[in-house]
Q: 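Here you go, one structure.
Order of listing sets the numbers, starting from 1, for every ligand and every atom in it. FYI, side chains are in, hydrogens and waters are out, and symmetry mates aren't considered; it's all heavy atoms of this structure.
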Amino acid sequence: MQTPLPSALAFSNIALFLDFDGTLVPIASHPDAVTLPHRQRSLLSKLQTQLKGALAVISGRRLADLERLTAPLPLTLVGCHGAQRRDSDGTRHAERLEPEAVAYLGAFLAEFTQQHPGTVFEDKTYAFTLHYRQAPQHERACRDTMTRLWHAYRDTYQLTEGKCLLELRHHTCHKGRAVQRLLDAPPFRRRIPLFIGDDRTDEDAFPVVNARGGFSVRVGEAAQSQATYRLDSIEEVLSWLEHQTRSMPP
Ligand SMILES: O=P(O)(O)OC[C@H]1O[C@H](O[C@H]2O[C@H](CO)[C@@H](O)[C@H](O)[C@H]2O)[C@H](O)[C@@H](O)[C@@H]1O
């Protein structure tokens, strides 16, 4: 059971990790329909300065998507649930992959969406995401297909569920590992981690944050969560963070 996040924290010592969709920006009908509103952009910019760079956006989206959405802010960005990273100085990191499986899964699922109108496929190289938000009549077919593919590739990929999506993600896609790595180096090292997220893959990060004596925060209702704290909505996330920026030196 999560308790409400206290409004007063020693925020200047925090390493802040923010999920993107459903935490910073509202869920939209299609992945490409999302933008970063002025309020969030200005907040991220202030936090980046006030936390001396100890801020990262950690998302299931591709790194290229995050770069486009947050440009020109020089943030640390983690894409594909941890498989890709851009540091605030522009340095890039990416996990290695077996190209054969990537090509096969990409081609197979692209064909699947042709046969199931309204479904959306994102080929993120490290993760293959099938959305049925706009075609709920195809949810069963999406589940069956992704389950079959997972049985064939379970040594390398795991099957997870998100908000109206099913995803085969490579074992290197793991937000907990991403947080661990960031905390081992400046500017995050020796700070207290605070992770805010709303989804299944954010759960991978919560035990890492808890083990480091940090603050794990789940956004919205969750039947089961390892988060210690709760914020009820995106509006609460933004207001809470804005309150912290007002309590720190500019
Ligand atoms: O880790 P996150 O930043 O929360 O990313 C999770 C997934 O977000 C996106 O899908 C979700 O948002 C879409 C746009 O609002 C929505 O249409 C979809 O139904 C949601 O599941 C993104 O498209 C995925 O690649 C991310 O894995």
Q: Through direct or indirect side-chain contacts below 4.5 angstrom among Ile, Leu, Val, Met, Phe, Trp and Tyr, which residues connect to L165?
A: none
Q: Hey, which of R61, R218, K175 is the one that makes salt bridge (Lys or Arg N to Asp or Glu O under 4.0 Å) with D19?
A: K175
Q: Just one of R177, R181, R85 clears the salt bridge (Lys or Arg N to Asp or Glu O under 4.0 Å) bar with E95, so which one?
A: R181
Q: Residues in side-chain contact (heavy atoms from CB on, under 4.5 Å) with R148, at least two apart?
A: T145
Q: Applying a heavy-atom distance cut-off of 4.0 Å, which protein residues contact ligand 1?
A: D19, F20, D21, I27, A28, S29, H30, P31, V34, S59, G60, R61, E122, K124, H131, R133, K163, L165, E167, K175
Q: Over 60° means perpendicular and under 30° means parallel, so tell me whether Y229 and F215 are parallel, tilted or perpendicular.
A: tilted
Q: Members other than Y157 in its cluster, when Ile, Leu, Val, Met, Phe, Trp, Tyr link by side-chain heavy atoms under 4.5 Å?
A: L97, V102, Y104, L105, F108, L109, F112, F121, Y126, F128, L130, Y132, M146, L149, W150, Y153, L159, L166, L168
